[in-house]
Protein chains: 2
Amino acid sequence: MHVSVDVLPSPPAAVACGAPLVRRALTAGEAADLARVLKAIADPARLRLLSMVAAHAGGEACVCDLTEPLGLSQPTVSHHLKVLVDAGLLRREKRGVWAYYALVPGALDAVAGVLSTTAAPGGDPSSC
Amino acid sequence: MHVSVDVLPSPPAAVACGAPLVRRALTAGEAADLARVLKAIADPARLRLLSMVAAHAGGEACVCDLTEPLGLSQPTVSHHLKVLVDAGLLRREKRGVWAYYALVPGALDAVAGVLSTTAAPGGDPSSC
DNA sequence: TCACGACATCGACGATGGTCAATTCGTCTG
DNA sequence: CAGACGAATTGACCATCGTCGATGTCGTGA
């Protein structure tokens with residue numbers, strides 16, 4: 001028994017491409033994938049973290065830069081950052097004692113593209 | 001006693017405009033507003049509902065059109081639709097015995113615009 | 001080697017959310 | 001009016017989530 005299905009927390013998710021939401025009815029699987037990424041973003045603390053990381057000098061920030069302005073404990077901030085990394089929205093790089101977080105380049109735009117009811121703006125030709 | 005603070009579930013939310021997420025750090029209030037709308041979208045059943053309503057003939061659908069393909073009970077579908085209406089993403093119109101739901105025109109694009117790291121595409125000049 | 005600082009993980013608690021069965025509310029029709 | 005039908009509301013149950021304090025881990029410097 002126990003074949004251990006190995007249901008990994010999922011690879012970075014990727015969101016799928018194009019703007020399928022309003023074009024055709026989503027399948028249960030597509031909806032689950034999209035919801036997983038959106039649930040990661042749909043939290044005030046995590047939205048502020050994304051925003052603070054993006055607006056920080058150099059496009060990256062360490063936990064010590066984020067804890068105090070956010071008004072949450074350090075373990076809580078670490079938890080939220082992990083959720084965002086697991087969702088494929090942030091990238092974590094450890095340098096010495098500090099851990100630096102930065103936006104994953106196309107991630108937020110991919111989500112925006114799926115939600116948009118018009119054609120994608122810049123038109124990222126790498127995917128699809 | 002009981003002045004009844006009347007903390008309304010919030011007006012349609014509106015999300016704010018522009019693409020402030022990656023430009024500057026969000027305030028706690030802005031993050032809370034955005035999170036409220038995103039939480040409404042961040043559910044597989046509700047994503048499929050938005051998608052099915054948008055893809056349906058005439059851009060609108062009644063509950064009876066949605067219950068069966070979604071595989072959820074009628075009360076649950078009604079509950080999800082109410083969440084989407086309260087978030088300002090769907091519009092409800094009752095005609096006779098049936099209740100028809102349709103997308104609120106700019107709502108999804110507004111959310112997409114906030115998440116996007118580039119300038120808004122079509123450029124909806126009505127707001128801001 | 002030891003102490004300290006930055007960060008991650010663990011365990012627990014209260015709050016929120018998704019779902020359904022049962023009921024209620026409106027509206028049309030016989 | 002009474003019945004039927006579509007939809008909304010209620011109440012309850014279980015799962016998931018956000019938060020914290022305590023603890024563990026790893027790299028740095030005295």
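Below, chain A is the first sequence line, B the second, and so on; all start at residue 1. What you see below is based on every heavy atom in this structure, not just the backbone, and it leaves out hydrogens, waters and symmetry mates.
- A donor-acceptor contact under 3.5 Å is formed by the side chain of B:Q74 with the base of D:dA8.
- Side-chain contact between B:D33 and B:R36: present, with at least one pair of heavy atoms (C-beta onward) separated by less than 4.5 Å.
- Linking Ile, Leu, Val, Met, Phe, Trp and Tyr residues whenever their side-chain heavy atoms come within less than 4.5 Å places A:V111 and A:L103 in a single cluster.
- In this entry the distance linking CH2 of A:W98 with C1' of D:dC26 reads 13 Å, nearest Å.
- Distance, B:R48 CZ to C:dT19 P: 11 Å, rounded to whole Å.
- Between D:dG18 and A:T76, no contact under 4.0 Å exists linking OP1 or OP2 to a side-chain N or O.
- Within 4.0 Å (heavy atoms only), A:R95 reaches no atom of the nucleic acid at all.
- Between A:K82 atom NZ and D:dG18 atom C1' the separation is 16 Å, expressed in whole Å.
- Remark on DNA chain D: of its neighbouring residues A:G96 and A:R46, the 5'-side contact belongs to A:R46, judged by nearest-heavy-atom nucleotide.
- Between B:L49 and the options B:L90, B:L66, B:L72, B:V63, a side-chain contact (heavy atoms from CB on, under 4.5 Å) holds for only B:L66.
- As judged by a 4.0 angstrom heavy-atom cut-off over every strand, A:Y100 is placed among residues making no nucleic acid contact.
- Summarising the geometry, the separation between CG on B:D43 and P on C:dG17 is reported as 11 Å, rounded to the nearest angstrom.
- Annotation: of the two residues near DNA chain D, A:K94 and A:P75, the 5′-most nearest-nucleotide partner is A:P75.
- One can place CG of B:L49 at 13 Å from P of D:dA7, the figure rounded to the nearest angstrom.
- Map A:V63 and B:A42 each onto its nearest nucleotide of DNA chain C; the residue landing nearer the 5' end is A:V63.
- Between the NZ atom of B:K39 and the C1' atom of D:dT16 there is a distance of 11 Å, rounded to whole Å.
- Among the atoms of the strands shown, only primed sugar atoms or phosphate atoms (P, OP1, OP2) are found under 4.0 Å from some heavy atom of B:H80.
- Taking atom CG of B:L66 as the reference point, atom C1' of D:dA8 lies 15 Å away to the nearest angstrom.
- Ranking C:dA8, C:dT19, D:dT9 by closeness to the B:L72 side chain, first place goes to C:dT19.
- Distances shorter than 4.0 Å separate none of the side-chain N or O atoms of A:Y101 from OP1 or OP2 on C:dA6.
- One hydrophobic cluster, built from ILVMFWY side chains closer than 4.5 Å, cannot hold both A:V83 and A:L34; they sit in different ones.
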Checklist entry - How far apart are the C-alpha atoms of B:S78 and B:K82, what are their side-chain angles, what is the distance that settles it, and do they pass the side-chain contact (heavy atoms from CB on, under 4.5 Å) test? => result CA-CA 6 Å; B:S78 266; B:K82 177 177 170 51; over 6 Å; no
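- If you check every strand for non-hydrogen atoms under 4.0 Å, B:R92 touches sugar and phosphate atoms only.
- Between A:L81 atom CG and D:dT19 atom C1' there is a gap of 15 Å when expressed in whole angstrom units.
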